[in-house]
Amino acid sequence: MNNIEDEFLDLIQENTKPLDTLMAYYRCAIMEVETKFKVLNEQFSLEYDRNPIESIKTRVKSIDGIVKKVHRKNIPLTLQSIEQNITDIAGVRVVCSFPEDIYLLADCLLQQDDIRLIEKKDYIKKPKDSGYRSLHLIVAVPIFLQDEKREMKVEVQLRTIAMDFWASLEHKVRYKKNIPENEAEQLAVELTECARISAELDNRMQDIRNRIAAAEKTGTDDQIQKQSRIISGTLRKSTNR
């Protein structure tokens with residue numbers, strides 16, 4: 001690992017400008033994807049009077065994170081290899097209110113003609129052993145530069161508030177050092193159970209929202225029928241006169 005870090009430092013020193021440029025391209029790609037989600041959220045607010053997105057978080061992977069990924073993937077230590085083989089350097093996390101919103105927003109994004117899906121991993125329908133749940137999309141998005149159009153890869157994670165809360169705490173707990181092995185195993189069991197409870201909460205809240213929507217529709221239909229009967233009765237009285 002130390003050898004790889006030394007090699008990467010050499011790579012940075014030899015390619016400072018190209019590396020800075022590449023990272024800038026990833027930041028531009030993030031802005032493109034983030035804007036798309038903000039536009040979708042605004043559209044839903046105008047048309048349906050609701051916002052499916054609670055928050056949007058973005059990040060560009062740190063140099064240290066890239067080095068570790070190079071080591072795990074055992075790929076050549078070049079800028080070209082990094083761009084081709086590491087797909088999560090640019091990241092956008094979309095936190096939604098309900099599970100249904102996740103798939104709705106994902107479909108809306110992928111239907112846009114300038115977005116190309118590279119990979120999809122559904123950890124909601126098939127959670128990780130740890131209990132982790134999220135929908136992951138690797139997409140290619142074009143960025144428009146001064147004299148060229150360039151396609152960049154972005155990892156998009158879509159999850160609910162409960163999923164995001166659990167993942168944040170799980171990350172903080174799991175990566176603590178110097179925990180005895182038996183305690184680490186017990187904590188893993190507890191975290192998995194917490195993930196199950198969070199998923200159950202998501203499903204119950206989704207069901208409550210659906211029931212409220214159905215009740216509102218029924219109330220609206222009843223009101224329309226009532227108004228229709230009043231109008232019909234008024235017309236009949238006018239005719240009889």
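A perpendicular orientation is assigned to the rings of His136 and Tyr132, their planes being inclined by more than 60° (bins at 30° and 60°).
Judged by distance alone, the side chain of Thr21 and the main-chain N or O of Lys17 form a donor-acceptor pair under 3.5 Å. Remark: side-chain polar atoms of Ser81 are not paired, donor with acceptor, to backbone N or O of Leu77 under 3.5 angstrom. Not a single donor-acceptor pair under 3.5 Å links the side chain of Asp101 to the backbone N or O of Cys96. Side-chain atoms of Lys153 come within 3.5 Å of backbone atoms of Gln84 as a donor-acceptor pair (strictly under, hydrogens ignored). Under the 3.5 Å distance criterion, the side-chain polar atoms of Thr35 are matched with a main-chain donor or acceptor of Met31.
Contact of the Ser130 side chain with the Tyr123 side chain is not registered, since no non-hydrogen atoms from C-beta on lie closer than 4.5 Å. For the pair Ile124 and Pro99, the minimum side-chain heavy-atom distance is 4.5 Å or more. For the pair Glu54/Thr160, no side-chain contact is recorded, criterion being any heavy-atom separation below 4.5 Å from C-beta on. Residues Glu83 and Gln80 have side chains not in contact (no heavy-atom distance under 4.5 Å, counting atoms from C-beta outward). With a 4.5 Å cut-off on side-chain heavy atoms, Asn85 and Val70 do not count as touching. In this structure, Ile118 and Thr87 have side chains that are not in contact, with every pair of non-hydrogen atoms separated by 4.5 Å or more. Between Asp88 and Ile86, the closest side-chain pair of non-hydrogen atoms falls below 4.5 Å. A 4.5 Å side-chain heavy-atom check between Leu19 and Ile63 finds at least one atom pair inside the cut-off.
In the hydrophobic clustering of this structure, Leu79 groups with Leu145; members are Ile, Leu, Val, Met, Phe, Trp, Tyr whose side-chain heavy atoms approach within less than 4.5 Å, directly or through other members. Hydrophobic clustering of Ile, Leu, Val, Met, Phe, Trp and Tyr side chains at less than 4.5 Å, counting indirect connections, unites Val92 with Leu117. Leu105 and Tyr103 fall within a single hydrophobic cluster, where Ile, Leu, Val, Met, Phe, Trp and Tyr are joined by side-chain heavy atoms under 4.5 Å apart, directly or via other members. Under the 4.5 Å side-chain heavy-atom criterion for grouping Ile, Leu, Val, Met, Phe, Trp and Tyr, Val95 is not connected to Leu40 through any hydrophobic cluster. A continuous path of Ile, Leu, Val, Met, Phe, Trp and Tyr side chains, each step under 4.5 Å between heavy atoms, connects Val33 with Ile56, placing both in one hydrophobic cluster.
The CD atom of Glu42 sits 11.0 Å away from the CD atom of Glu47 when rounded to the nearest 0.5 Å. Separation of atoms CZ (Arg196) and CH2 (Trp166) is listed at 13.5 Å; rounding is to 0.5 Å. Once rounded to the nearest 0.5 Å, the distance linking CD of Glu151 with OH of Tyr25 reads 14.5 Å. Atoms CG and CG, from Asn51 and Leu46 in turn, are 9.0 Å apart once rounded to the nearest 0.5 Å. With rounding to the nearest 0.5 Å, the separation of OG in Ser198 from CD in Glu170 is 11.5 Å. With values rounded to the nearest 0.5 angstrom, Glu190 atom CD is found 9.0 Å from Glu183 atom CD.
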Legend entry - Worked check of side chain to side chain contact (heavy atoms under 4.5 Å, CB included) between Val39 and Gln112: CA-CA 12 Å; Val39 170; Gln112 298 187 20; over 6 Å; no

Inset, instruction - Test Gln157 against Arg159 for side chain to side chain contact (heavy atoms under 4.5 Å, CB included), laying out the working first. - result: CA-CA 7 Å; Gln157 298 177 356; Arg159 57 178 67 158; 3.0 Å; yes

Inset, instruction - Determine, stepwise, if the pair Met205 / Arg209 fulfils side chain to side chain contact (heavy atoms under 4.5 Å, CB included). - result: CA-CA 6 Å; Met205 294 302 293; Arg209 186 185 78 164; over 6 Å; no

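Of the charged side-chain nitrogens involved, none lies within less than 4.0 Å of a carboxylate oxygen, so that Glu155 and Lys61 do not count as a salt-bridged pair. Ion pair Lys126/Asp122 not flagged as a salt bridge, since none of the NZ, NE, NH1 or NH2 atoms sits closer than 4.0 Å to an Asp/Glu carboxylate oxygen. The pair Lys36-Glu32 fails the salt-bridge criterion, with no side-chain N (NZ, NE, NH1 or NH2) lying under 4.0 Å from an Asp/Glu carboxylate O. In this structure, Lys149 does not pair ionically with Asp114, as no charged nitrogen and carboxylate oxygen lie closer than 4.0 Å. Look at Asp202 and Arg133 and you find no salt bridge, because none of the NZ, NE, NH1 or NH2 atoms lies under 4.0 Å from a carboxylate O.
Under the 3.5 Å distance criterion, with hydrogens and angles disregarded, a donor-acceptor pair is assigned to the side chains of Gln206 and Asn210.
More than 12 heavy atoms of other residues, nucleotides or ligands lie within 6.0 Å of NZ in Lys128, so this atom counts as buried by the packing criterion. The neighbour count for Asn182 CG, taken as heavy atoms of other residues, nucleotides or ligands under 6.0 Å away, is above 12. Residue-environment remark: CG (Asp49) stays at or below the threshold of 12 foreign heavy atoms within 6.0 Å.
Here the rule is side-chain contact (heavy atoms from CB on, under 4.5 Å) with Ile89, and of Val60, Ile30, Leu22, Val154 only Val60 fits it.
Residues Ala195 and Gly131 come closest through the heavy atom pair CB-O, 3.3 Å.
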